[in-house]
Amino acid sequence: MPRYWLMKSEPGTYSIADLERDGSTGWEGVRNYQARNFMRDIMQPGDGVLFYHSSAEPPGVAGLARIARAGYPDPTALDPRSPYFDPKATDQEPRWYQVDIAFEQRFPEIIPIATLREAPGLEAMLVINRSRLSVQPVTPEEWEIVLELANQLPFRAPSGTV
DNA sequence: GCCAACGTTGGC
DNA sequence: GCCAACGTTGGC
């Protein structure tokens, strides 16, 4: 059973264009326990991902990805030179986990969070109510609504890529 | 730049 | 184990 997620990144750090260029990437650097638990325990290859640009103008959903690899220890937690280094992480107790995500599509325009707020059926979406959670589940109903919004964008998004 | 939300830390 | 202080996130 596929699951759906929303994952946030500041585009200045890593954008949907970066993911398109790279094809796939490790979602390193998450240092929040709730977000970690989703990645470590629940996400599975094939799950759908809304790729969200935070602290952007405008902030919103920039495209789609999918989970390419289930949770595994985040190596940056063990690397003293990494900005994500955590001295409490060890090989035996990795503490932080990541997944790999693969590029699916880039929307022709961002779907702004203001549009999500106004869309019927998205009232309970976590990105609206718990904006600080950087990895969050999305219901199948919410996923469908967001894809419909994407298809209403001026340059129709390519179909059949999911 | 401001500020609300909220997660984490640390004193007790 | 509580809770105040503090730091960070992220929309506006």
Side-chain angles (χ1 to χ4, degrees), chain A residues 3-20 22 25-43 47-65 67 71-101 103-139 141-150 152-154 157:
Chain A
R3 296 181 180 83
Y4 302 105
W5 307 93
L6 181 145
M7 299 174 83
K8 296 193 301 188
S9 182
E10 297 191 19
T13 302
Y14 198 85
S15 71
I16 188 72
D18 294 323
L19 182 62
E20 181 172 25
D22 295 343
T25 194
W27 204 251
E28 65 188 31
V30 172
R31 297 293 178 266
N32 169 280
Y33 288 105
Q34 200 175 355
R36 177 204 69 181
N37 292 346
F38 290 136
M39 295 198 291
R40 185 188 63 185
D41 303 334
I42 307 182
M43 285 179 166
D47 289 0
V49 175
L50 301 175
F51 194 108
Y52 183 91
H53 282 178
S54 61
S55 297
E57 188 48 54
V61 181
L64 302 179
I67 303 298
Y72 62 101
D74 179 346
T76 65
L78 298 170
D79 179 0
R81 293 174 315 247
S82 169
Y84 304 123
F85 176 64
D86 182 348
K88 293 179 182 165
T90 66
D91 280 326
Q92 289 71 33
E93 294 282 337
R95 190 152 140 138
W96 301 114
Y97 284 73
Q98 66 183 56
V99 295
D100 288 351
I101 67 170
F103 177 78
E104 285 285 341
Q105 79 179 55
R106 180 179 180 178
F107 293 158
E109 291 181 9
I110 303 287
I111 303 174
I113 190 169
T115 300
L116 302 180
R117 274 215 179 80
E118 294 164 0
L122 297 186
E123 294 85 359
M125 202 170 176
L126 286 174
V127 73
I128 291 168
N129 301 300
R130 296 237 5 237
S131 68
R132 294 186 54 199
L133 184 59
S134 66
V135 174
Q136 49 182 256
V138 171
T139 69
E141 293 79 13
E142 291 164 347
W143 175 268
E144 283 304 318
I145 292 168
V146 173
L147 292 202
E148 282 171 26
L149 292 172
Q152 292 165 15
L153 292 172

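Order of the sequence lines fixes the chain letters, A, B, ..., with proteins taken first and strands second; residue numbering starts at 1 for each chain. Here the structure is a predicted model, which means the values were calculated and not measured.
Atom pair A:Leu126:CG and C:dT9:C1' shows a separation of 16 Å (rounding to whole Å applied). To the nearest angstrom, C1' of C:dG11 lies 15 Å from CG of A:Leu6. Atom CD in A:Gln136 sits about 12 Å away from atom P in B:dG7, given to the nearest Å. Atom P of nucleotide C:dG10 and atom CD of A:Glu57 are separated by 16 Å, given to the nearest angstrom. The distance between atom CZ of A:Arg132 and atom P of B:dA4, rounded to the nearest whole Å, is 14 Å. One can place CG of A:Leu133 at 17 Å from C1' of B:dA4, the figure rounded to the nearest angstrom. In this structure, the NZ atom of A:Lys88 is 11 Å from the C1' atom of B:dG10, given to the nearest Å. Computed from coordinates, the A:Arg117 CZ to C:dG10 P distance equals 13 Å when rounded to whole Å.
Residue A:Tyr52 places no side-chain N or O under 4.0 Å from the OP1 or OP2 atom of C:dT9. Within the structure, a side-chain polar atom (N or O) of A:Arg130 is placed less than 4.0 Å from OP1 or OP2 of B:dG7. Distances shown here put every side-chain N or O of A:Arg31 at or beyond 4.0 Å from the OP1 or OP2 atom of C:dT9.
Side chain of A:Ser55, nearest nucleotide from B:dG7, C:dG10, C:dC12: C:dG10. Comparing B:dC6, C:dG11, B:dT8 by their closest approach to the side chain of A:Tyr33 singles out B:dT8.
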Audit row: A:Phe107, A:Leu64, side-chain contact (heavy atoms from CB on, under 4.5 Å) steps and yes/no | CA-CA 8 Å; A:Phe107 293 158; A:Leu64 302 179; 3.7 Å; yes
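Using cut-offs of 30° and 60° for the angle between ring planes, the A:Trp27 and A:Phe51 rings count as perpendicular.
Electrostatic pairing of A:Arg31 and A:Asp74 counts as a salt bridge here, judged by a charged N lying under 4.0 Å from a carboxylate O.
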Check: residues 78-87 of chain A side-chain donor-acceptor pairs under 3.5 Å, at least two apart:
unit_1: A:Asp79; atom_1: OD1; unit_2: A:Arg81; atom_2: N; d: 2.9
unit_1: A:Ser82; atom_1: OG; unit_2: A:Tyr84; atom_2: N; d: 2.9
unit_1: A:Asp86; atom_1: OD1; unit_2: A:Lys88; atom_2: N; d: 2.9
unit_1: A:Asp86; atom_1: OD2; unit_2: A:Arg95; atom_2: NE; d: 2.8
unit_1: A:Asp86; atom_1: OD2; unit_2: A:Arg95; atom_2: NH2; d: 3.3
unit_1: A:Asp86; atom_1: OD2; unit_2: A:Trp96; atom_2: NE1; d: 2.7

